[in-house]
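Here the structure comes first, spelled out in structure tokens, and everything after it is commentary.
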Amino acid sequence: MMVILTELSEGSSSSPISGHKYDVFLSFRDIDTRNGFTDHLHKALLDANINTFLDDEEIQTGDDLKPELESAITASRASIIVLSQNYASSTWCLDELVLILDLRRTSKHIVIPIFYHVDPTDVRKKQSRFQDALPEHKQRMEAETDAEKRSQQAHKIELWRKALSEVADLKGMNAMAGNHFLATPFLRI
């Protein structure tokens with residue numbers, strides 16, 4: 001991770017010449033990581049002279065992604081996705097994930113997933129808390145009385161499902177409590 005992030009901090013990557021306002025966009029679930037891991041990660045990135053966007057408002061479930069967040073994602077060279085237990089319960093986090101992965105496919109957007117107290121297999125197979133989140137979104141969709149909105153939500157749920165599988169297949173970091181390092185194919189921080 002440091003090799004990639006070091007490259008981001010070199011050469012004023014967030015200058016207008018490069019077309020990027022930020023080096024990194026942090027995608028995370030506020031209730032899981034804001035007052036600990038994500039704050040420390042954000043500080044470490046800034047200390048390394050990596051211009052990082054961190055949303056300072058708690059994300060609410062059920063609303064559309066704020067245009068400011070969409071702009072920050074598209075104005076970033078890279079995204080770090082902190083996948084935590086409640087990440088998939090937030091429609092905003094899932095919308096961010098879909099946009100981030102779309103940018104990865106269509107441009108040179110760098111994506112670094114961090115699996116924070118979750119196993120990539122749980123994300124890929126929608127197990128554990130990830131197993132509960134999508135059916136909850138589906139229940140809200142089925143309760144929608146407007147047929148057009150219900151259809152849009154059903155499409156979003158399918159995009160979220162695919163995005164979770166895709167991000168779980170990316171090489172990433174696995175953050176464990178107490179900085180325990182375990183032997184797996186994933187890098188540990």
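Just so it is clear, the model here is predicted, and its values are computed rather than measured.
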Check: Quick check: does any side chain N or O of Lys149 sit under 3.5 Å from a backbone N or O of Ala147, one acting as donor and the other as acceptor?
Finding: no

Item checked: Under 3.5 Å donor-acceptor, His20 side chain and Ala78 backbone -> no

Note to self: I'd like to check Phe25 versus Asp55 (side-chain heavy atoms, cut-off strictly below 4.5 Å). Are they in contact?
What the structure shows: no

Next item on the list: Please confirm whether the backbone N or O of His109 pairs with a side-chain atom of Arg104, one donor and one acceptor, at under 3.5 Å?
Entry: no

Notebook entry, point to check: Ser90 side chain to Cys93 main-chain N or O, any donor-acceptor pair under 3.5 Å?
Noted result: yes

Note to self: Strictly below 4.0 Å, N to O, side chains only: are Glu166 and Arg105 in salt-bridge contact?
What the structure shows: yes

Check: Out of Phe28, Phe115, Tyr116, which residue meets the ring pair (Phe, Tyr, Trp, His ring centres under 6.0 Å) rule with Phe37?
Finding: Tyr116

Notebook entry, point to check: Taking it one step at a time, do Lys43 and Asp39 satisfy salt bridge (Lys or Arg N to Asp or Glu O under 4.0 Å)?
Noted result: CA-CA 6 Å; Lys43 183 181 180 328; Asp39 283 341; over 6 Å; no

Notebook entry, point to check: Which pair of heavy atoms, one from Leu164 and one from Val167, lies closest together, and at what distance?
Noted result: O-CG1, 3.4 Å

Item checked: Worked verdict on Leu103 versus Val111 for side-chain contact (heavy atoms from CB on, under 4.5 Å) -> CA-CA 9 Å; Leu103 288 172; Val111 177; over 6 Å; no

Next item on the list: Using modelled atom types only, decide if a donor and an acceptor are shared between the side chain of Ser89 and the backbone of Asn86 within a distance under 3.5 Å.
Entry: yes

Margin query: Using modelled atom types and a 3.5 Å cut-off, is there a donor and acceptor pairing between side-chain atoms of Ser71 and backbone atoms of Leu69?
Written below: no

